[in-house]
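As structure tokens, the structure follows; a few thoughts come after it.
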Amino acid sequence: MNHDLFGDAIAPKAPEADKAPLHNQLIKLGDMMGDGMHHEADGNWIIKEYRRVCKALGLAHPRTNNTESNNAKMARALEHTACPGCTGPLKQTRSGSLRAICPRCSKTYKFEVRKMPKIVPFRYLFNIEKELKGNANTIH
């Protein structure tokens, strides 16, 4: 137990007591957002404050850590990529980043991650099933 200046024991505060004002503020901000005030010209502060309060209460989602996958993607990309300006080798600027720098000419380049398309069965690409149903030689 902690003691104050006079030697009296201080009872620890419950964590819920500290969060009560934040919960009230979150409710008020939510009501304001429900009324549409955050869409007004000067309503951007409401969104920022709502996010800040959610983070303080521990309700915000933690950021995802993509460092390992970004490093692997950059290693594959830098194996076969050279600087377009001086044809020198490129080096990743920082671990987890998708930027590369040329040590010779000091130009920086940003690599973009392309999402792979979903695999679609061939017959759906050209609507072959409609044509197959009309053909008497096909087996269904």
Side-chain angles (χ1 to χ4, degrees):
M1 277 233 164
N2 293 333
H3 299 283
D4 63 1
L5 293 174
F6 303 107
D8 298 330
I10 300 174
K13 284 186 177 180
E16 293 80 23
D18 293 339
K19 293 183 178 183
L22 290 174
H23 280 291
N24 291 336
Q25 187 177 9
L26 186 69
I27 291 169
K28 288 178 184 177
L29 290 169
D31 289 343
M32 292 170 76
M33 291 175 80
D35 293 339
M37 293 176 69
H38 66 290
H39 292 301
E40 294 178 4
D42 59 343
N44 286 339
W45 70 271
I46 298 171
I47 298 169
K48 291 177 186 175
E49 189 71 13
Y50 189 85
R51 285 187 191 140
R52 185 191 67 79
V53 172
C54 283
K55 190 173 182 180
L57 289 171
L59 302 175
H61 294 288
R63 289 182 58 183
T64 57
N65 188 358
N66 298 325
T67 303
E68 293 177 10
S69 64
N70 286 351
N71 287 342
K73 291 173 189 173
M74 282 296 288
R76 278 184 270 141
L78 294 178
E79 284 177 359
H80 57 81
T81 307
C83 177
C86 68
T87 65
L90 294 175
K91 182 181 174 187
Q92 189 176 10
T93 57
R94 183 177 179 172
S95 176
S97 73
L98 295 175
R99 291 182 179 266
I101 189 168
C102 177
R104 291 184 189 169
C105 61
S106 300
K107 289 186 179 179
T108 57
Y109 300 97
K110 183 177 180 183
F111 287 78
E112 294 181 359
V113 178
R114 293 185 186 159
K115 293 184 178 179
M116 296 298 292
K118 292 182 180 177
I119 298 175
V120 179
F122 184 75
R123 64 177 183 241
Y124 292 118
L125 292 176
F126 301 105
N127 291 331
I128 292 177
E129 287 188 8
K130 291 180 183 177
E131 296 172 11
L132 291 177
K133 287 180 182 176
N135 193 348
N137 297 332
T138 58
I139 299 173
H140 294 286

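It should be emphasised that the depicted structure is a prediction, and the values quoted were computed from it without experimental measurement. Positions are given from 1 along the sequence.
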Testing the basics here: between [X] and [Y], what is the closest heavy-atom pair and its distance to 0.1 Å?
X: S95; Y: T67; result: OG-CG2, 3.6 Å
X: R104; Y: G88; result: NH1-CA, 3.6 Å
X: A100; Y: T93; result: C-CG2, 3.9 Å
X: L26; Y: C54; result: CD1-SG, 3.6 Å

Can you measure from SG (C102) to OH (Y109) and round to the nearest 0.5 angstrom?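 That separation rounds to 6.5 Å.
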To the nearest 0.5 Å, what is the distance between OG (S97) and CG (N71)?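 Here the rounded value is 8.0 Å.
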[Y] and [X], any side-chain heavy atoms less than 4.5 Å apart:
X: M74; Y: L98; result: yes
X: K19; Y: L57; result: yes
X: Q25; Y: R52; result: yes

Just distance, no hydrogens or angles: give the donor-acceptor pairs under 3.5 Å from side chains in residues 29-47, sequence neighbours left out.
{"unit_1": "H38", "atom_1": "ND1", "unit_2": "M33", "atom_2": "O", "d": "3.3"}
{"unit_1": "W45", "atom_1": "NE1", "unit_2": "D42", "atom_2": "O", "d": "3.3"}

Closer than 4.0 angstrom, basic N to acidic O: yes or no for E79 and R76?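 R76 and E79: not salt-bridged.
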Give a yes or no on whether the backbone of A75 and the side-chain of Q92 come within a donor-acceptor separation of less than 3.5 Å.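 Such a contact is absent between Q92 side chain and A75 backbone.
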Is there a path from Y50 to L59 through hydrophobic residues (I, L, V, M, F, W, Y) whose side chains come within less than 4.5 Å of each other? yes
